[in-house]
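Note: hydrogens, waters and symmetry copies are ignored here, and every other heavy atom, side chains too, is used.
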Amino acid sequence: MEEMRGARQGGSSLVKEFSPAYYGLCAVGGMLSAGTTHLAITPLDVLKVNMQANPIKYNSILSGFSTLLKEQGPSSLWRGWSGKLFGYGVQGGCKFGLYEYFKRLYSDVLMDQNRNFVFFLSSASAQVFADVALCPFEAVKVRVQTQPTFANGLADGFPKLYKAEGLTGFYRGLVPLWGRNLPFSMVMFTTFEQSVDLIYRNVIQRRKEDCSRSQQLGVTCLAGYVAGAVGTVISNPADNVVTSLYNNKAENVLQAVKNIGLANLFTRSLPIRIAIVGPVVTLQWFFYDTIKVSSGLPTTGGLGRHQEATDLLA
């Protein structure tokens, strides 16, 4: 492909694009990028979950951190770190790897469809599987972060939750998790793809393959931050519902919505979520595309000559 020329300058690809090894590499890249970035922001996640579970006590970022440190000590800020590392690592592997697979599949099958529809469908398909993998980790993580006496981490949290609630306890929040992550993923991936295309077309005004690797990664970071911020606003109501259900604040989604209130669904914990998700998504895309580039593959997104010709024919 002509689109690959610039990205492969200076060496050949370690794997053939769109081969099983390629999708495996994408899954590994997603696992490493998602797991490490989520681990790094564990203190912010601990505060976010507590602000959602107890908004009166933890009513702002600064006072919330102060309360956690004063009452539970510095170690409380790292509660649930194993759930962040392993849970979101598994989710990231499924999300990025399957997104690449479904994007290729749907692009071939739905050639006459709008590109945004392909992005929406691909990201949604990948996220369904990714959240099934994440859900048990998330169920334990939220309880560890908001209930200090529940467990120390995954090792003792998994058997304790299973004993108390059975298998249903691990997947109690799956539907609201889909409600949070499906819109986020669909908006995030589509916004990322469109932002990359927009930057190359209107800002840099060069094709991706004509840019250096550092320029390509710079585009990745800028598009990643925009995508993360937009996705956060869309998914905030469902994120509040997930926390409410996992902390037994409500028996079902409708009760959770009623308890939280319509306005609070959109505003509660939104500033700290933007502070968390924007940089996290940026770093995820940066690490993910760095792994791809280091393997001789192009960065994600952006129209190449082959795609431009296809769009013109359409």
Side-chain angles (χ1 to χ4, degrees), residues 33-89 91-92 134-135 137-154 157 161 173 176-177 179-181 184 188 224-225 228-250 256 259-261 263-284:
S33 63
T36 54
T37 51
H38 275 281
L39 173 64
I41 52 87
T42 297
L44 287 171
D45 187 62
V46 170
L47 177 60
K48 181 212 74 170
V49 171
N50 279 280
M51 289 177 72
Q52 292 173 332
N54 195 343
I56 297 177
K57 184 176 182 179
Y58 303 97
N59 55 19
S60 71
I61 295 176
L62 292 178
S63 65
F65 273 127
S66 177
T67 300
L68 281 170
L69 290 171
K70 182 179 179 180
E71 295 185 357
Q72 302 178 34
S75 62
S76 66
L77 299 180
W78 291 97
R79 282 205 311 267
W81 68 266
S82 56
K84 297 287 285 181
L85 176 63
F86 297 109
Y88 283 90
Q91 186 210 40
L134 168 67
C135 203
F137 296 92
E138 185 77 355
V140 174
K141 177 190 76 72
V142 172
R143 287 170 172 81
V144 168
Q145 290 178 334
T146 58
Q147 303 170 29
T149 59
F150 175 76
N152 293 319
L154 295 179
L161 180 57
L177 199 62
R180 178 188 73 184
N181 290 344
F184 173 82
M188 188 272 287
Y225 189 85
V230 174
T232 299
V233 175
I234 298 297
S235 64
N236 200 63
D239 189 60
N240 280 298
V241 171
V242 168
T243 300
S244 179
L245 290 175
Y246 278 145
N247 281 281
N248 298 316
K249 299 285 186 178
N259 292 344
I260 297 170
N264 286 333
L265 278 176
F266 290 90
T267 59
R268 182 179 293 177
S269 74
L270 182 60
I272 192 169
R273 285 197 72 226
I274 292 178
I276 293 173
V277 178
V280 165
V281 172
T282 303
L283 287 173
Q284 282 183 16

Of the non-hydrogen atoms in L245 and P176, which two are nearest, and what is the gap between them? CD1-CG, 3.3 Å
Are Q52 and S244 side-chain neighbours, meaning at least one heavy-atom pair lies under 4.5 Å? no
For S63 and S60, what are the C-alpha separation, side-chain angles and deciding distance, and is it a side-chain hydrogen bond (donor to acceptor under 3.5 Å, both in side chains)? CA-CA 5 Å; S63 65; S60 71; 2.6 Å; yes
For T146 and V142, indicate whether the former's side chain and the latter's backbone hold a donor-acceptor pair under 3.5 Å. yes
So which atom in V281 and which in G224 form the shortest heavy-atom distance, rounded to 0.1 Å? CG1-O, 3.3 Å
Before giving the answer on side-chain hydrogen bond (donor to acceptor under 3.5 Å, both in side chains), spell out for Q284 and S33 the whole-Å C-alpha distance, their side-chain angles and the decisive distance to 0.1 Å. CA-CA 5 Å; Q284 282 183 16; S33 63; 5.4 Å; no
Is the closest side-chain heavy-atom distance between L68 and V46 below 4.5 Å? yes
Indicate yes or no for a side-chain donor-acceptor contact from T37 to the backbone of A34 under 3.5 Å, with no hydrogens or angles considered. yes
Sidechain N-carboxylate O distance under 4.0 Å for E138, R143: no
Gap separating the NZ atom of K57 from the CG atom of N59, nearest 0.5 angstrom: 11.5 Å
Heavy-atom closest pair, residues R79 and T42: O-CG2, 3.7 Å
CG of L47 to OG1 of T67: how many Å apart, nearest 0.5 Å? 9.0 Å
L265 backbone acceptor or donor facing N236 side chain under 3.5 Å: yes
Measuring from D45:CG to K141:NZ, what's the distance to the nearest 0.5 Å? 3.5 Å
Distance, nearest 0.5 Å, that separates OG of S235 from CG of L177: 10.5 Å
Once you round to the nearest 0.5 Å, how far does CG of N181 lie from CD of Q91? 5.5 Å
Give me each pair satisfying ring pair (Phe, Tyr, Trp, His ring centres under 6.0 Å) with a member in residues 34-72, each pair once, sequence neighbours excluded. H38-Y88
Sort and list the pairs that fulfil salt bridge (charged side-chain N to carboxylate O under 4.0 Å, His left out) and have at least one residue in residues 229-243, not counting sequence neighbours. K48-D239, R180-D239, D239-R273
Looking at every non-hydrogen atom in both residues, tell me the closest pair between V144 and G80 and how far apart they are. CG1-N, 3.7 Å
Tell me, do F184 and V277 make a side-chain contact under 4.5 Å, heavy atoms counted? yes
With side-chain contact (heavy atoms from CB on, under 4.5 Å) as the criterion, how do L283 and Y225 come out once you've worked through the C-alpha distance, each side chain's angles and the decisive distance to 0.1 Å? CA-CA 9 Å; L283 287 173; Y225 189 85; over 6 Å; no
Is there a side-chain contact between V233 and F266, using heavy atoms and a 4.5 Å cut-off? no
In this structure, CD1 of I272 is separated from CG of N50 (nearest 0.5 Å) by 10.0 Å
Nearest non-hydrogen partners of A256 and V241, listed with the distance: CB-CG1, 4.1 Å
